[in-house]
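So that the names make sense, note that chain A is the first sequence line, chain B the second, and so on, each numbered from 1.
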Amino acid sequence: MLRVRFAPSPTGFLHIGSARTFIFNWLYARHGGGTMILRIDDTDVERNTDASLASIFEGLRWLDLPWDEEYKQSDRLGLHRRMAEAILQKGLAYRDFVPPQAAEGEKSGAHGTWLFNAEMREMSREESDRRAAAGEPFALRFRVPRDAEPHIRFSDAVFGPQSKATADIEDFALLRSDGMPTYHLASCADDADLRISHVIRGQDHLTNTFKHVLIFDAAGVEPPRFAHLPLLVAPDGAKLSKRRHGPVVSVTTYRDAGFMPHAFVNFLCLVGWSPKDDREVMTREEIIDAFSLEGIHRHNAVVNFKEDDPFDPKAVWLNAALLRSLPVEDLAGLLLPFVRGAGIAVEPAKMAQIAPLIRERISLLRDALTVGDFFFAAELAPYGAAELIPQKGDAAMALRALECAREVLPGIEFSHDALEAALRAAAAHLGIKTGQMFQPVRVAVCGRKNAPPLFGTLEALGKETSLARVGQAIEKLKP
RNA sequence: GGCGCUAUCGUCUAACGGUUAGGACAGAGCCCUCUCAAGGCUUAAAUACGGGUUCGAUUCCCGUUAGCGCUACCA
């Protein structure tokens with residue numbers, strides 16, 4: 001039975017590297033007809049926050065990749081302690097009574113890797129039991145079998161055969177002196193209990209895996225299969241971090257800018273994994289179908305964001321491509337809450353008229369606010385009269401064009417075809433090029449030179465607004 | 001410091017040991033066109049370095065360099 005899990009710790013917002021780990025797990029589960037489990041690894045009571053937990057759920061729900069089962073480690077502490085106790089009873093762990101601060105000093109003096117405190121490791125069972133019974137606090141440490149087991153080996157589905165000398169593995173903690181399990185213990189105990197078949201996680205856990213293999217062995221459990229993912233890094237090569245890179249790496253930043261969940265998923269898939277052919281724009285089903293652990297890379301990948309632009313250009317392009325492929329009525333529905341969220345009152349019918357005009361001009365949903373600002377604003381942003389002057393023309397030509405427009409527009413139906421016919425006729429009547437006719441009108445109604453196609457724009461704006469803006473433009477041009 | 005991992009265009013990536021080292025994004029140019037886009041075409045751009053093995057190495061091995069990760073009673 002294929003069972004995978006994503007196990008975030010609620011110590012910050014959901015960042016894109018974590019999101020990718022979730023996505024890869026989800027894809028692997030769906031590809032193999034398995035079960036996707038969400039497990040909150042909240043054994044670090046000191047650093048957990050409710051806000052973080054909320055942010056993680058918010059981000060994951062937005063991805064729209066539903067999971068099948070959900071657990072929280074803090075509900076399962078009994079299980080963790082039972083496993084710790086079993087390992088202790090087998091003599092494969094021992095109590096360490098050295099207070100954390102004192103241990104710190106001892107380790108910093110060590111050359112190479114600190115391995116263990118001999119006094120604690122070799123303490124008699126009687127003394128250990130007596131001190132524990134007396135209530136003296138202790139951490140439980142794993143007794144790494146350096147003599148019996150010179151090497152620990154496992155085969156990683158991505159990185160291949162892995163081996164490490166036990167002489168290089170320290171006696172790591174299983175239980176803290178407050179009785180809480182450490183990540184290593186809790187993670188392994190839960191993976192075993194939840195019958196996780198594949199652990200797919202970040203490469204930062206690759207070297208931890210030797211410890212985990214040790215724990216599984218000590219517990220007498222067959223370890224799951226491991227697959228480690230290369231890390232997502234910043235353009236300077238540093239691991240993506242919440243602290244250093246801030247909200248640019250938060251999933252909610254993408255959501256709030258108007259990424260489509262699937263475009264975001266599509267982008268993240270392509271970073272660190274490849275379908276091995278030239279496909280890039282893929283549907284969810286295509287990705288599920290193509291997904292395999294063999295397609296995952298072994299080197300870190302850069303998310304190409306900048307100071308002034310937090311989004312990788314490819315992610316933006318993927319999103320733009322997805323928006324363009326949407327039926328216009330769907331796009332209008334997506335745009336509506338974005339525009340309204342900016343405090344602009346707009347009716348669905350009007351949004352439906354605007355959507356096809358801006359759809360090839362926006363990459364993110366929020367771009368509608370800038371690309372289509374003149375549709376939403378009652379008053380146009382100030383612009384210079386010079387903007388109204390067409391190519392190879394002058395102010396007089398602009399004025400004639402606008403006055404002609406003011407004359408013919410009131411008498412026609414404001415539909416695309418009627419507008420086009422009227423304005424082309426006007427150009428012919430004035431003896432100027434169509435562009436020289438259209439450009440002053442465009443600037444008059446949009447307030448800038450670069451804008452969506454004119455006739456549809458006039459239609460969406462309506463007769464009243466269009467004529468008012470043409471009138472204002474004429475005023476600008478009058479001496 | 002110790003241990004581990006990695007290395008193809010600016011970025012994401014493809015290439016049974018034999019390819020003019022392919023694609024995409026971003027860039028440049030041209031076309032289309034009422035502007036801007038979108039679309040089409042064209043273009044520039046890479047195997048980190050040094051040794052092997054081999055008839056032949058981006059591909060296999062070793063070394064160097066660089067980067068990253070772990071080295072917590074964090075996860």
Please tell me if [X] has a side-chain N or O lying less than 4.0 Å from either OP1 or OP2 of [N].
X: A:Arg424; N: B:C34; answer: yes
X: A:Arg324; N: B:A37; answer: no
X: A:His297; N: B:U13; answer: yes
X: A:Thr182; N: B:A72; answer: no
X: A:Arg279; N: B:G23; answer: no

A:Tyr71 ring centre to A:Arg76 NZ or CZ under 6.0 Å, with the angle to the axis within 45°?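 That pair qualifies as a cation-pi contact.
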When you measure from the centre of the six-membered ring of A:Tyr383, is the NZ or CZ of A:Lys449 under 6.0 Å away and within 45° of the axis?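 The answer is no, since A:Lys449 fails at least one limit relative to A:Tyr383.
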Any residue of residues 151-160 of chain A with a heavy atom less than 4.0 Å from an atom of RNA chain B: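 Heavy-atom contacts with RNA chain B come from A:Phe159.
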What's the closest nucleotide to the side chain of [X] if the choices are [options]?
X: A:Arg442; options: B:C34, B:G22, B:U13; answer: B:C34
X: A:Gln439; options: B:C34, B:A38, B:A24; answer: B:C34
X: A:Glu280; options: B:A15, B:G23, B:C73; answer: B:G23
X: A:Tyr183; options: B:C12, B:A75, B:C73; answer: B:A75
X: A:His299; options: B:C5, B:U35, B:U8; answer: B:U8
X: A:Phe455; options: B:C5, B:C34, B:U71; answer: B:C34
X: A:Pro313; options: B:C73, B:C25, B:C34; answer: B:C25
X: A:Ser9; options: B:A24, B:A75, B:C12; answer: B:A75
X: A:Arg298; options: B:U6, B:A37, B:A72; answer: B:U6
X: A:Asp44; options: B:A38, B:A75, B:C3; answer: B:A75

Any side-chain heavy-atom pair of A:Pro10 and A:Asn48 under 4.5 Å: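 Side-chain contact under 4.5 Å: yes.
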Rounded distance in Å between the [atom1] positions of [N] and [M]:
N: B:A21; M: B:C12; atom1: P; result: 22 Å
N: B:G63; M: B:U11; atom1: P; result: 27 Å
N: B:U8; M: B:C49; atom1: P; result: 11 Å
N: B:C32; M: B:U42; atom1: C1'; result: 15 Å
N: B:A7; M: B:A48; atom1: P; result: 9 Å
N: B:U71; M: B:U64; atom1: P; result: 25 Å
N: B:G4; M: B:G39; atom1: C1'; result: 49 Å
N: B:U58; M: B:A37; atom1: P; result: 41 Å

Only pairs with both distances under 3.5 Å count, Watson-Crick or wobble alike; so what is the partner of [N] in this structure?
N: B:U6; result: B:A66
N: B:C60; result: B:G52
N: B:C41; result: B:G29

Rounded to whole Å, please give me the gap between [atom1] in [X] and [atom2] in [N].
X: A:Arg201; N: B:A75; atom1: CZ; atom2: P; result: 13 Å
X: A:Leu115; N: B:A72; atom1: CG; atom2: P; result: 11 Å
X: A:Ile296; N: B:U6; atom1: CD1; atom2: C1'; result: 16 Å
X: A:Lys107; N: B:C3; atom1: NZ; atom2: P; result: 19 Å
X: A:Lys433; N: B:U33; atom1: NZ; atom2: P; result: 13 Å
X: A:Lys392; N: B:C34; atom1: NZ; atom2: C1'; result: 14 Å
X: A:Leu318; N: B:U11; atom1: CG; atom2: C1'; result: 14 Å
X: A:Trp317; N: B:A37; atom1: CH2; atom2: C1'; result: 16 Å

Looking at every strand, decide which applies to [X] at a 4.0 Å heavy-atom threshold: base, sugar-phosphate, or nothing.
X: A:Gly202; value: nothing
X: A:Lys276; value: sugar-phosphate
X: A:Thr43; value: sugar-phosphate
X: A:Gln436; value: nothing
X: A:Ala301; value: sugar-phosphate

Does a donor on one side chain sit under 3.5 Å from an acceptor on the other, for A:His198 and A:Asn25?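 The answer is no; no qualifying pair exists.
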Regarding A:Thr43 and A:His80, do their side chains bring together a donor and an acceptor under 3.5 Å, going by distance alone?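 On atom types as modelled, these side chains do not qualify, holding no pair under 3.5 Å.
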Between N or O atoms, less than 3.5 Å apart, protein on one side and nucleotides 68-70 of chain B on the other: list the pairs.
{"unit_1": "B:C68", "atom_1": "O2'", "unit_2": "A:Asn300", "atom_2": "ND2", "d": "3.0"}
{"unit_1": "B:C70", "atom_1": "O4'", "unit_2": "A:Thr207", "atom_2": "OG1", "d": "3.3"}

Closest-nucleotide ordering on RNA chain B, the 5'-leading residue of A:Ser163 and A:Val98: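 Going by which nucleotide is closer to the 5' end, it is A:Ser163.
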If you assign each of A:Ala139 and A:Gly295 to its closest nucleotide in RNA chain B, which residue comes earlier from the 5' end?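 Closest to the 5' end, via its nearest nucleotide, is A:Gly295.
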Is the number of heavy atoms from other residues, nucleotides or ligands under 6.0 Å of A:Asp147 CG greater than 12?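 It does not: A:Asp147 CG has 12 such atoms or fewer within range.
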For A:Leu357 versus A:Gly456, what's the shortest heavy-atom pair and its separation?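 That closest heavy-atom pairing would be CD1-O, 3.5 Å.
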Would you state whether a donor and an acceptor, one from the side chain of A:Lys314 and one from the base of B:A24, lie under 3.5 Å apart?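 Between B:A24 and A:Lys314, which were checked side chain against base, a qualifying N/O pair under 3.5 Å is present.
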Of A:Phe311, A:Phe267, A:Trp317, A:Phe338, which meets ring-ring contact (aromatic ring centres under 6.0 Å, His included) against A:Phe259?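 Result: among A:Phe311, A:Phe267, A:Trp317, A:Phe338, A:Phe311 is the only option passing the ring-ring contact (aromatic ring centres under 6.0 Å, His included) with A:Phe259.
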Pairwise distance CZ(A:Arg361) to CZ(A:Arg324) - rounded to 0.5 angstrom: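 The CZ atom of A:Arg361 sits 11.0 Å away from the CZ atom of A:Arg324.
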Report the distance from atom CZ of A:Phe6 to atom CD1 of A:Ile56, rounding to the nearest 0.5 Å.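 It is 7.0 Å, given to the nearest 0.5 Å.
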Verify whether the ring centers belonging to A:His212 and A:Phe154 lie closer than 6.0 Å.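 Ring-ring flag for A:His212/A:Phe154: false, centres at least 6.0 Å apart.
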Name the residue from A:Arg201, A:Gln162, A:Gln203 that meets the side chain to side chain donor-acceptor pair (under 3.5 Å) definition with A:His228.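 Exactly one candidate clears the test, A:Arg201.
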Please say which of A:Thr166, A:Asp168, A:Asp171 ends up in a side chain to side chain donor-acceptor pair (under 3.5 Å) with A:Arg146.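 Of all the options given, the one that passes is A:Asp171.
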Which of parallel (below 30°), tilted (30 to 60°) and perpendicular (above 60°) describes A:Tyr254 and A:Phe264?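 Rings of A:Tyr254 and A:Phe264: tilted, 30 to 60°.
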